[in-house]
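Take a look at the structure set out below.
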Amino acid sequence: MLLYVFDLMGVAVFAVSGALAASRKGLDLFGVVVIAAITAIGGGTLRDLLLDRHPIFWMVDSTYLTVTCAAALLTVVYVRWWPAPHRALLVADALGLALFAISGARIAEAGGLGPVIVILLGTMTGVAGGILRDVLSAQVPLILQRDIYATAAVAGISVYLLLQWLGVPRPVPSAAGMVAVAVLRLLAIQRGLHLPVVRPPQESS
Amino acid sequence: MLLYVFDLMGVAVFAVSGALAASRKGLDLFGVVVIAAITAIGGGTLRDLLLDRHPIFWMVDSTYLTVTCAAALLTVVYVRWWPAPHRALLVADALGLALFAISGARIAEAGGLGPVIVILLGTMTGVAGGILRDVLSAQVPLILQRDIYATAAVAGISVYLLLQWLGVPRPVPSAAGMVAVAVLRLLAIQRGLHLPVVRPPQESS
Amino acid sequence: MLLYVFDLMGVAVFAVSGALAASRKGLDLFGVVVIAAITAIGGGTLRDLLLDRHPIFWMVDSTYLTVTCAAALLTVVYVRWWPAPHRALLVADALGLALFAISGARIAEAGGLGPVIVILLGTMTGVAGGILRDVLSAQVPLILQRDIYATAAVAGISVYLLLQWLGVPRPVPSAAGMVAVAVLRLLAIQRGLHLPVVRPPQESS
């Protein structure tokens, strides 16, 4: 149930981010909605494919696509009349990252997978939608932002797993995990915060 | 049966489009064929993965890959000696889009999915091959063309569903749907036709 | 068993190549490890998805991810202090290509698929990880290198199939196939070797 709400919210915010990215490219209405939809369901679809969960979450319940279309259309209407809030795309992306990272982790965990795998699968679920959006709209993937991105997902899922392990009652671990991801990512954007970066290798080729 | 023919034709035209895109990059023969093959089977493969149809369509019947290789080789030979017809890539892509959009929609429909989902799945099936081709050949995805692209798939599938719903006998709805996609897309290319575009949001980031 | 070793080695070298590519972009430690992991498991994951082999190879056995993280971290530490060996990325990629092309081909063959399909599936398995890495790190895909790339996989898998067919005892065919892929690819890099390239079509669009 909670997972259902997470997915719906994640789908909505990623749809907004996809619509924002696509509308910047001057696409027509349907084009924007399609890219928003692919962005919104990308992460969860990858999660379901990897875990062999069929039918894919959005196929049996059209609520997801309804929410996606609604969110995309509202975004389009909004940016038609008003300037998008500063960094709207980055914020929507951060929330989607948080929601899908934890939902991916929870489902992987329910599948009885080990912690390392849960973290990777959750992170992949979180980043996939945004990567699809960036590839589809020919932008440099946000995952390449110097500031904390995948790291936020890894950290938040770890928080979730730790609290679970400590026996903290639900839904605290999930909530804490998502807050951790979102806060870390937003702080990173706000402050240009980033971990010590890996020094690029010196090589010719 | 009809579906089989659609898939074969779609595979052939996408193979041509993939071969054209790859040969522009000065790849060697095998490289061109591999990119053509991935382009050709990309859409149907995504469709089968999402709908959990195994084995994937091209695995059990090597006709698909034979057709793909033949189409790719003919394309390579052709462009070796003669200039490719003006906009050959765009036209081949439009036909592939039409064929796979409808085949994807039909298979999703056969799976008892709702109209909204049928439209999205059909559209994804139609655009996936071209997106793979563009990513593999490092081009800006055609889906970002300002003129009608995904919209053509959405419209054509809607025509198909409408005619089905009106009880029009087969294979009229499929044929009409594909014609709608192709004509819309080609008109868009020809006339630079496009729906009112979404005004890019004004924001700093 | 042998296949298991191939996969582990392939995962390790692709993790190195992913870590090298990601560290060039000045990502933080976790970001580098995540991209290395996605690169490392990309090819095998596609293979398992296409062949409907569940759970995906890295889900049941955390050795893969352990190896991936270890290889990525060592790479990061290495490039932190010493310059990466000349063309380290290209060499690691060539080895990963060889290992995954043959492992993909063997598994497809075990699935009773025909030679053409085995070759394509093996090639896709071999190139997928590298393509993911290049897309994730916003580089032009190595598959677009003018020198032999996909061709090396096609040739090596053909060698493997031929020796199998000739009844050469295992593990000779696999070993020979991998050596063929790697040697071809490395020679191509070394000598700028390439097959006669397809002349780009002359067209306006």
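Chain letters run A, B, ... following the sequence lines, proteins first, then strands; residues in each count from 1. Heavy-atom basis, side chains included; hydrogens, waters and symmetry copies ignored.
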Minimum heavy-atom distance between A105(B) and V118(B), given as atom pair plus value
O-CG1, 3.5 Å
In this structure, CZ of R106(B) is separated from CG of D7(B) (nearest 0.5 Å) by 10.0 Å
Roughly how far apart are L97(C) CG and L142(C) CG, rounded to 0.5 Å?
9.5 Å
May I ask you to name which of L120(C), V154(C), I119(C) has the most heavy-atom pairs under 4.5 Å with chain B?
L120(C)
Ignoring hydrogens, what is the shortest heavy-atom contact between P141(B) and D134(B)? Give both atom names and the distance.
CA-OD2, 3.2 Å
Residues in residues 34-59 of chain B near chain C [non-hydrogen atoms, under 4.5 Å]
V34(B), I35(B), A37(B), I38(B), I41(B), T45(B), L49(B), D52(B), H54(B), I56(B), W58(B), M59(B)
Once rounded to the nearest 0.5 Å, what's the spacing between atom CD1 of I117(B) and atom CD of E109(B)?
12.5 Å
Testing the 3.5 Å rule here: is there a donor-acceptor pair between the side chains of S17(B) and D93(B)?
no
Mind running side chain to side chain donor-acceptor pair (under 3.5 Å) on Y4(C) and D61(C) for me, showing each step along the way?
CA-CA 11 Å; Y4(C) 181 69; D61(C) 176 358; 2.6 Å; yes
Determine, using ring centers only, whether F100(C) and F14(C) are less than 6.0 Å apart.
yes
Validation row: T151(B), L184(B) side chains within 4.5 angstrom (heavy atoms):
no
Within residues 161-181 of chain C, which positions have a heavy-atom distance to chain B below 4.5 Å?
none
If we only count heavy atoms from C-beta on, is the L73(C) to L29(C) side-chain gap below 4.5 Å?
yes
